[in-house]
Amino acid sequence: LIRTKTTATMGKKKGGNEKKGAKVFKTKCSQCHTVEEGGAHKQGPNLYGFFGRQSGQAEGYSYSTANKKSGITWGDETLFDYLENPKKYIKGTKMVFAGIKKPAERKDLIAYLKSTCSV
């Protein structure tokens, strides 16, 4: 097993707190994203069903070329890294969000998204 910085960081605390993640989503994400099945796209795409899906695949949303061609499959680790600094993770993304620097907040948000957006 090769331990990367990400797996080492994520391994310190198992998962996040879904309830805290809901608050993070409401304050930092809900202006641009929805999570419910069949929810509308806003400035960003609806996130329902994105776990395990390749980036840039939500039907009816106009993604950047960089996002569509990134080849990223969304999961705990890819999201953990992406949410820290989206523009650095996918150079050329349309996402204008600066990122979430605190690892605990990212884990909480991921726990919420995993429970809310999973098919």
query: When rounded to the nearest 0.5 angstrom, what distance separates NZ in Lys69 from OG in Ser64?
result: 10.5 Å
message: So that I can tick it off, tell me whether Asp108 and Lys23 are bridged by a salt bridge, with the cut-off set at under 4.0 angstrom between side-chain N and carboxylate O.
response: no
message: Taking atom CD as the centre, does Gln54 end up with more than 12 heavy-atom neighbours from other residues, nucleotides or ligands that are less than 6.0 angstrom away?
response: yes
- request: To the nearest 0.5 angstrom, please state how far the CD atom of Gln57 sits from the CG atom of Asn67.
  value: 9.0 Å
- request: Output, in order, the C-alpha distance, side-chain angles, deciding distance and verdict of side chain to side chain contact (heavy atoms under 4.5 Å, CB included) for Tyr82 and Met95.
  value: CA-CA 11 Å; Tyr82 176 75; Met95 189 154 150; 3.0 Å; yes
- prompt: Does Val35 share a hydrophobic cluster with Ile100, counting links as ILVMFWY side-chain heavy atoms below 4.5 Å and allowing steps through other members?
  reply: yes
- prompt: Just how far is it from atom OG of Ser70 to atom OH of Tyr89, taken to the nearest 0.5 Å?
  reply: 8.0 Å
query: Would His41 and Ser62 count as a side chain to side chain contact (heavy atoms under 4.5 Å, CB included) if you check the C-alpha gap in whole Å, the side-chain angles of each, and the deciding distance to 0.1 Å?
result: CA-CA 10 Å; His41 296 306; Ser62 177; over 6 Å; no
message: Treating Thr78 as the side-chain partner and Gly75 as the backbone partner, does any N or O pair qualify as donor plus acceptor under 3.5 Å?
response: yes
field: Crowding at CD, Gln43 (>12 non-hydrogen neighbours, <6.0 Å)
entry: no
- prompt: Any sub-3.5 Å donor-acceptor pair from Thr34's side-chain atoms to Ala40's backbone N or O?
  reply: yes
- request: Take Lys114 and Asp76 through the test side chain to side chain contact (heavy atoms under 4.5 Å, CB included) and record every step on the way to the result.
  value: CA-CA 9 Å; Lys114 204 170 188 177; Asp76 292 81; 2.8 Å; yes
message: Are Tyr63 and Leu113 linked, directly or through intermediate hydrophobic residues, by side-chain heavy-atom contacts shorter than 4.5 Å (ILVMFWY only)?
response: no
Same apolar cluster: Leu79 and Ile90, side chain cutoff 4.5 Å: yes
message: With a 3.5 Å distance limit and no angle check, can you tell me whether His33 reaches the backbone of Asn46 through a side-chain donor-acceptor pair?
response: no
Heavy-atom closest pair, residues Phe80 and Arg106: O-NE, 2.9 Å
statement: d(Glu36 CD, Cys117 SG) to nearest 0.5 Å is 9.0 Å
task: Would you indicate whether Lys42, at its atom NZ, is surrounded by more than 12 heavy atoms from other residues, nucleotides or ligands within a distance under 6.0 Å?
output: yes
- prompt: Could you go step by step and tell me if Val119 and Phe51 meet the side chain to side chain contact (heavy atoms under 4.5 Å, CB included) rule?
  reply: CA-CA 8 Å; Val119 178; Phe51 257 90; over 6 Å; no
field: Atom pair OG1 (Thr116) and CG (Leu47), whose distance is rounded to the nearest 0.5 Å
entry: 10.0 Å
Heavy-atom pair of closest approach, residues Arg53 and Ala58: NH2-CB, 3.7 Å
query: Got a sec, which residues hit ring-ring contact (aromatic ring centres under 6.0 Å, His included) with Phe25, two or more places apart in sequence or on another chain?
result: Tyr112
field: Minimum heavy-atom distance Ala66-Thr93, with the two atoms named
entry: CB-N, 4.1 Å
Where Lys28 and Phe97 come nearest, the two heavy atoms and their spacing: O-CE1, 3.8 Å
- line: In short, Lys87 meets Val96 closest at the heavy-atom pair CE-CA, 4.1 Å
- prompt: NZ/Lys101 to CG/Leu83 distance, rounded to the nearest 0.5 angstrom?
  reply: 10.0 Å
